[in-house]
Structures are given as C-alpha cells and as structure tokens.
Amino acid sequence: QKEVEQDPGPLSVPEGAIVSLNCTYSNSAFQYFMWYRQYSRKGPELLMYTYSSGNKEDGRFTAQVDKSSKYISLFIRDSQPSDSATYLCAMSAHGFQKLVFGTGTRLLVSP
Amino acid sequence: NAGVTQTPKFQVLKTGQSMTLQCAQDMNHNSMYWYRQDPGMGLRLIYYSASEGTTDKGEVPNGYNVSRLNKREFSLRLESAAPSQTSVYFCASSEGLVRSPLHFGNGTRLTVT
C-alpha cells in the first residue's frame, strides 16, 4: 500500500462548481502538507502549504487537514476552465527531503 | 524573475550515452532537489542538496550523479543512460529543508532508446 493515496480521476465538473480533491495517508507523523497544481508539460506549482492541522484559505482555494482521519482536502470554489490541471498532494514528517507525493488527480472543468 | 530554470527541455539519448541536466535558481534558496516523474508513480526524489557544498541520495539515486556547482546551480548527470531512465526530470528549490515548500522548474523530458 502506498504511503499517500490519491484518486487519479479524471474528475469532470461544470464551470462554477465546487471541487473537492482529497488525499489519504498512512504515516501519522506527517506534519507538512502541500497542494501543487500541474498543467500539462509544466512543472508543479505550489497552491497551498499547511503545517500541522487545520484549515487555510487563499482566494478560491481552501486546504483542510484532518490528522485524526489521516485525510487532507483541497476545495476549489467557483471553478474555472483554467483550473483544469492535475493536482498533486505532498506531505512530509521531518523535512522536504522526505516529501512524499501523491500520484495526482486530473481535474477537467468544462465551460 | 525566472525562478527555477532547467535545460534542456527535451533530450533523446541512445542507451549508454551520457548527459548532464542543468538547473539554476534565482531565489537565493539554500536547498535544491532533483525528481523524476513517471506515470502512476508520482514524483520521486533522486538527489538533493540541503545547502551549498552538500549532496545526499534520495529515494532513487542509482544511475545518477549530481553536482552542486554553487548556491544557484545543481546539475544531474546520467553517466550511461538506460531505457529505464526515460522520464520527466524536475529540479526544485526551497529556502531550507523545513522552512518553505518547494518551487519547481518546468522539467526536462528525456527519452532513452
């Protein structure tokens, strides 16, 4: 079993929908959590970074960490076609040299 | 402000050939990383450099070598390329190993035939 699990999708939604992207993990020591967005043939771009648990909001994006359930989520409000990309979760216990990435969820937002 | 720049963008090698992937960052970051990305496998760390003058192995270092040339530049070398090294290679940098998250370049697509 992988240390970080992420549904590969694709997840297809209409423009304006609220999108929920999720990752589950098995290592209870994880305390650094990140979400990256990756457009086709581009590098991952940092969206959200959370240390420990709780929520963080940035514009249309909200990241949630539930350490008791070993579950993290990224919510995108008022989704746009430009949000169509692959979303990667990443997490670490002791530093970024031990960062573990999910395999990514492909999101398609149709106009 | 370019961020993390990787060269070349694309490369095709024959089995046994060697090449060096170049990476430079202009954010004054201390730490730099090399990852490979393969379908269904996620990003996997090849090597990293916590600070100028140090390098350490990551999860999949076999077949690769690295050089931290200075604070800005971190290169990845394939001495004798194998088809299993066909992948997309990403360089990344961060302020340190814990302080701020990674910023990535746009990758080098390598095919080994």
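A note on names: the letters A, B, ... follow the listed sequences, proteins ahead of strands, and every chain is numbered from 1.
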Review point. Which members of residues 42-56 of chain B, sorted by number, sit under 4.5 angstrom from chain A on a heavy-atom basis?
Key: B:G42, B:L43, B:L45, B:Y48
Point to revise | Hydrophobic cluster membership, B:V60 vs B:L78, 4.5 Å side-chain cutoff | key: yes
**Study point:** Flag, side chain of A:Y36 to backbone of B:L102, donor-acceptor distance under 3.5 Å
**Key:** yes
Review point. In terms of heavy-atom proximity below 4.5 Å to chain A, should B:Y89 be classed as side chain, backbone, both, or neither?
Key: neither
Review point. Same hydrophobic cluster for A:Y49 and A:F30, using side-chain heavy-atom links shorter than 4.5 Å among ILVMFWY?
Key: no
Practice item. Answer with side chain, backbone, both or neither: which region of A:P44 has an atom nearer than 4.5 Å to a non-hydrogen atom of chain B? Key: both
**Study point:** Cluster check A:V65, A:W35: I/L/V/M/F/W/Y, side chain < 4.5 angstrom
**Key:** yes
Check your understanding: Hey, what do you get for OH (B:Y35) to CZ (A:F101), rounding to the nearest 0.5 Å?
Key -> 4.5 Å
Point to revise | Co-members of the apolar cluster containing A:F75 [side chain, <4.5 Å] | key: none
Review point. How many angstroms lie between atom CG of A:L46 and atom OG of B:S94, to the nearest 0.5 angstrom?
Key: 11.0 Å
Exercise for review: Measure from the side-chain N and O atoms of B:N106 to the backbone N and O of A:K42, and report whether any donor-acceptor pair falls under 3.5 Å.
Suggested key: no
Review point. Under a 4.5 Å side-chain heavy-atom rule over Ile, Leu, Val, Met, Phe, Trp and Tyr, are A:I76 and A:M34 clustered together?
Key: no
Check your understanding: What distance do A:T103 atom OG1 and B:M41 atom CE have between them, rounded to the nearest 0.5 Å?
Key -> 10.5 Å
Study note, to complete from the structure: CD (B:Q37) and CD (A:Q38) are apart, to the nearest 0.5 Å, by 4.0 Å
**Study point:** Shared hydrophobic cluster, A:L99 / A:V4 (ILVMFWY, side-chain heavy atoms < 4.5 Å)
**Key:** no
Review point. Between A:K98, A:R41, A:Q6, which residue shows the highest count of heavy-atom pairs closer than 4.5 Å to chain B?
Key: A:R41
Exercise for review: Name the region of A:K2, side chain, backbone, both or neither, that has any atom closer than 4.5 Å to a heavy atom of chain B.
Suggested key: side chain
